[in-house]
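Let me begin by presenting the structure, written as C-alpha cells, before commenting on it.
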Amino acid sequence: MATSPPASASAVGSSVPRADGPPKVTGASRYVDDLPAMPGEIFGRTVRSPVPRGILRGVRFDPAFDWSDVTVVLAEDVPVNVVALILDDQPILGTGKVNHAYEPIVLLGCADRLKLSRALQAVTLDIDPLPPVLDMRAALEGEEILWGTDNVIKRYLITKGCADAERERSEAAIDAALARCEVVVTGTYASHHQEQLYIEPQGVIAWWDEAGAHATGSIQCPFYVQKAFLKAFGLPADRIHITQSVTGGGFGGKEEYPSIIALHAALLARKSGRPVRMIYDRTEDIEATTKRHPASCEITSGCDRDGTLRALKIRVLMDGGAYATLSQVVLSRGALHASGAYRWDDVWIEATAVATNTPPNGAFRGFGAPQTIWAIERHLDRVAGELGCDPLDLKAKNVLRPGDSTATGQVLRESVAGEECIAKAIAASGYRQKRAAGPVVRGRVARGIGLSVFMHGAGFTGSGERYYKGKIAVDLAPGGRLRIRTASTDIGQGTETVFRQIAADAAGLPLDRVEFEVPCTTTVPDSGPTVASRTVMVVGSILEAAARELASRVREEQEAARQPRAAQEGQASSAAPPALSFEEAADRLLAREGKVTSLKQYEPPSYVRWDDEAYKGDAYPCFGWACDVAEVEVDLDTFEVTVVDFWSAADVGKAIHPVMCKGQIEGGSLQAIGWALSEEIVWQGGKIRNPRMTNYIIPTSLDAPPFHVVLVEAPFPFGPGGGAKGIGEMPMDGGAPAVAAAVEHATGIAARALPLTPERLFEAARGAEAPRTAAGRGERARRYRSSSTVRRARSICRRSRGCSMRSGGRSGSRARRRGARRASAARARC
Amino acid sequence: MQDKTSRPSPLRGAQSKQETAGEPNTGGGLLAAHLLTRRQFTAGSIAVASGLSALGSACTGCDTPARSADTSVRLHVNGTRAEVDIDLRSSLLDVLREQLQLTGAKKGCDHGQCGACTVHLDGRRVASCLTPAVQADGREITTIEGLSPEGGPLHPMQQAFIDQDALQCGYCTPGQIMAAVACVREGNAGSAEQIREYMSGNLCRCGAYAGILAAIQQAAPEIGGT
C-alpha cells in the first residue's frame, strides 16, 4: 500500500449502533412475506408424503374439486429433478420411491389461499408403504438398504501416533495403546435432533420474466440457490437472480433448505406464468426442513494416573436422514472436533454418517461439533471422576498449547488461548470455591456448578477455502463513498454493520460513508456461503484489503493533484495541503474511469496444508477457544433444571463490535442451553409429534440466565481489524456439557444422553442403583434411592401430564411451557 | 406508519371496490425491478411500498377476488379510521398485514405461541393472530408502525432497543417492543424478575433477552406505568 489511512475515529473495536436497527424497530424492514403482492401473484403449497417409506404408485386428484384455477406441478414437470448440493441424490419432487415422511410430491398454486388449502385435501397419494428404517444403528447394520449399497453416506478415519498405520492395522494399534494405559474409561454419549426454530418461517417469492428466473426470500446462501437453479432449469447464471430479503434468523436452517423452496416456487411460477409466494407455516417448517444431526459417540480413552491424556478411540455415528444434503461436511467437522481441545499422543477416530427414513438433517450452528464436543467433555468429566480429581484440573492440564499438535497433526502456532480462557472463566465464576463447597441444597433445590472447555475451527474445513475462492467487491460511489458487494448475508448476526466497520477503518473513512448492497447473485460476487463462522474472518479479510486498495487509489489521485500545485508554489510537497478533498478526488477518479472497483479473492495463509485423502494437516487456519461455566439449580422433586448463571470466556481474536460479539456468544449459549434442557423432537413412526412452538420448547426470557461474557483477544495474524476470528458457531459447543456437569455436581446424576428433561433425569435417578460416592455426592445419591422421593417425583410427573389443558394461552412462562411439553410427550407415548 | 395518517382512505380493503376497473396493470417486469433492493424494502420504502400496494390492489380487482367479504368492520388503526371488508374468519393479524399493508406485526407461528404478532387493542397487548378481526370492530389498534410519528423521533422503547442492541434478526422485535411498552404501562416492569416474567410470552431465538431486559429498564422511566 502506498499510503496508510489517516488517523480517524476508529470504527473497529467500538460498538456502533447496528445498521439495520432503525428499520427493524419501526417495522419498516420487509421480510419476504412482508413484500407487497406482485400483480397476478398466487400462493404455493406442497403436498407431502404421509409415510416415511414406500412406493409411490400414483397421484389422484378429486374429480369433484374445481381445479380450473389451480396450478399443479408434478415430478414430470421438473426439467432436471435433482436438488444440486453435494451428492445430488435428492429429488426436487418425489417420484417412484418415498424416502421420508413429509417428502414433497406435488406442488399446488392458487390465488385463493383458502381454496388452496382445500385443494391440498383433494390430492391423494397412492403409496404402498414399506417398513421404514428409523434408527441409525439399524441403518448401519444394513439389513434394509435405503441409500447406496450400505446406507453409509460418508465415513472418515482420523489417526495419529501409533494408530497412524494402514487402515486394517490402525484399530489394533490403538487398542494396544489403550491397553498400555494406566486408567482406561469407556462410555457412549448421545445427542439428539435440534430444530433451528428461527422465528421467521422459511419462504421465497419466485417469478419469471424476460430477464430469466427470480427468487427472493429468507436465504443464507444465495449462490446455493443459484447452483440449484443452474442444474434444475439449465439456465445460464446471468439469467438467475437470487436475492436475499431481510432474513429473520437462520442458524444454519436457511443454508441449504431454501434451495428446495425456491425451486418449488419457481416451478409453480414457470407453469402458471405468475409470481408465486411460498411461505411455510410453522408446522410445515418444523416437519419438513432440516435439523441438527443426532449423534452417538462411543469413546475409550487412556491416561496416566496423574491425568496425562494418552490414547483416544472414538466411533462417531450420525443420522443423516433420507438424503445426503450436507451430512458429509457436518460429519467431517464433528470428527475433527471429537478429540476436544486436548493433547493426545495416539488417536483413532472413525466417523460414519448413515441414511435413515427420517427427514434429511442439515446445517445447524456448530455443524457437527456440538455433538462430538458434548461427548468428549462428558467423557473427560467421567475420567476425572475415575482419577478422583476435578474435571477442571484434568482439562487444564491437557488443554492444547502453542506447539502442541491436534488429532490431525496440525501444529498450533499462534492465537492459541485455551489456557487463558480457562483462567478467566474460572476467576469470573468462582468455580473453584463453589465446587469445593459442594452442591448447596436448600429445601428441595440443589445448586451445582460445572464447566466445559472447547475449541472451534474457524472457517471452512481443510482445503475448502482454496476450493471455493470466495470473492468480494468494493465500488467507489459518488461523493467518496464505498459500496460493499458481497454474498455474505446479514441474517441478524450483524454482517452489514461489522463489514461497514472493517471497510471504514481500512479506508480511513467515517462509517456512514460505507454502503452495503443487497445480496443478489447477478450483482454481487460469490463470496462463498454465509456459514462456518467464516464471514468476518475470511470474507472480512478480503474486504479490508479491497477497501484499503480503493482508498489508496483515491489518495493517489489527491497526491497527483497536489504535486503540480506544490511545485508551483515552491513548497515541499509533503507540507502542502491536499488540493482536492477525498470526495473531490474520488469523483474525479470516478469521472475519468467510469467504474472504480476493487475485487479481491481469498487466499488462505500459505502455511495451511491439508491432505484430504489422509485427513491430515491443518484442518482449520485457526481455532477459537472458550471455557463455559454453568451454575444450575435442580428441583429434586420435579427434576426441573434452571440455569441460574452462565459464564463464557471466549477467544475471538479481535472483537470488531464487542456488543454484537457478546450477543453472538449469549445467543449461541442460550441455544445450547435449550438443546441441553428442553428442546426435543418427539418422533413416532418417522413423523414428528410436536411440530409447534408450544411443544417444541425453546428458552424464553425466564429460561435465559444472566450471561457473563469475557472476551479474550488472541489475534489471528490473518484476520481483519487486527486479528478477528470466527465466533458465530463456537458458543453452541460448550453449553450442553457445562450444564450437564453442573447437574451432575448438584445431583450426582451423570447424564450421558441429551436432553436433560425432567423425565430423563427422573429415570436416571430411579435407575441409579449403585451411585458413585465421589466426594460430596454421597448424600445426594442416597436421596434418590429413597423410595418416598421416587414416589413423590412419579406422582408429580403424573399430575403434570394430567393437566395438559391448562397449558394453553399465550404465556410463555417456563412452568407452563414445560407442562405443555410434558403433556405432549405423554400423548405421543400413548 | 406509511400513508395511513395522512390520506383519507388509503387502506386497501376500503378502496379495493372503488379502484378496480380504472387502474392499469403494469405487469411483472417493473415490480420485479422494484423488489430487488432492500433499501426499498426497508427504511426508505414508503413511497415505493404504497405505490406497490395500490398496484397490487388494482390487480386483485382485475383478477379473481382472493377472499370473500362477509362483513365490514370499522378499525381505528394508529389513529386512522378505516372501514374494511373482511372474511369473518380473518384474524386481526391477517387483516393488518394483507388488507392494510401494515406488515410490522409478524406471523411467527399463527397460534399465539411466539408473540411476534403482538399489537395493542385498546391499549392492551394481544396476540393479533389469535384475535378475530371482528373482535377489533370499533376499537383502537396500535401497531409498531403507529408507535412513533412518521419521520419524528423514535418512541423511547424503540430507541432503547437500538441503544441496548436488543435485537439481532429483528423478526420478533416489533412484537417485543409492543409487549415491552404494554409491560411498562401495566406496571409490570418494576424489577428484572418481573420483566422477565411478563415478557416471557415473546420468544427470541437469537437470544437477545439480556438486551431486551436492559432496553425495558432504560425506557421504563421515560414511559412510566399507569
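Atoms considered below: every heavy atom in the structure, side chains included; atoms not considered: hydrogens, waters and symmetry mates. Throughout, a chain's letter reflects where its sequence line sits, starting with A, and its residues are numbered from 1.
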| request: Go through the atoms of B/Tyr171 and report whether side chain, backbone, both or neither lie under 4.5 Å from a heavy atom of chain A. | output: both

| request: Check each atom of A/Asp285 against the heavy atoms of chain B and say whether the ones under 4.5 Å are side chain, backbone, both or neither. | output: neither

| said: Under 4.5 Å from any heavy atom of chain A, what part of B/Leu167 do you find: side chain, backbone, both or neither? | reply: both

| remark: When the 4.5 angstrom heavy-atom criterion is applied to A/Gln664 and chain B, the contacting part is both

| remark: Note: vs chain B, highest number of non-hydrogen pairs under 4.5 angstrom among A/Leu670, A/Asp33, A/Ile199 is A/Ile199

| task | For B/Gln158 and A/Val25, indicate whether the former's side chain and the latter's backbone hold a donor-acceptor pair under 3.5 Å. | result | yes

| Hey, are the side chains of A/Thr247 and A/Ile219 touching, using non-hydrogen atoms and a 4.5 Å cut-off? | no

| request: Examine whether an atom of A/Ile491 lies under 4.5 Å from a heavy atom of chain B, and if so say whether it belongs to the side chain, the backbone or both; otherwise answer neither. | output: backbone

| note | Scored by heavy-atom pairs under 4.5 Å with chain A, the best of B/Lys107, B/Gln168, B/Gln164 is B/Gln168

| task | Give the intermediate values and the outcome of side-chain hydrogen bond (donor to acceptor under 3.5 Å, both in side chains) for residues A/Ser29 and A/Lys24. | result | CA-CA 5 Å; A/Ser29 289; A/Lys24 283 181 174 174; over 6 Å; no

| query | Does A/Phe364 have its ring centroid less than 6.0 Å away from the ring centroid of A/Phe251? | reply | no

| query | Between A/Glu200, A/Lys115, A/Arg282, which residue shows the highest count of heavy-atom pairs closer than 4.5 Å to chain B? | reply | A/Glu200

| query | Any idea which of A/Arg692, A/Met660, A/Lys662 has the most non-hydrogen atom pairs under 4.5 angstrom with chain B? | reply | A/Arg692

| note | Honestly, the part of A/Phe707 sitting under 4.5 Å from a heavy atom of chain B is neither

| query | Within 45° of the six-membered ring axis of A/Tyr31 and under 6.0 Å from that ring's centre, is NZ or CZ of B/Lys106 located there? | reply | no

| request: Name the option with the most non-hydrogen atom pairs under 4.5 Å to chain B; the candidates are A/Pro201, A/Pro17, A/Gly249, A/Gly494. | output: A/Pro201

| said: Check whether A/Arg118 reaches the backbone of A/Arg113 with its side chain - one donor and one acceptor, N or O, closer than 3.5 Å. | reply: no

| task | Output yes when A/Glu41 and A/Arg277 qualify as a salt bridge under the 4.0 Å nitrogen-oxygen rule, no when they do not. | result | yes

| field | Heavy atoms from other residues, nucleotides or ligands near OH of B/Tyr198 exceed 12 (cutoff 6.0 Å) | value | no

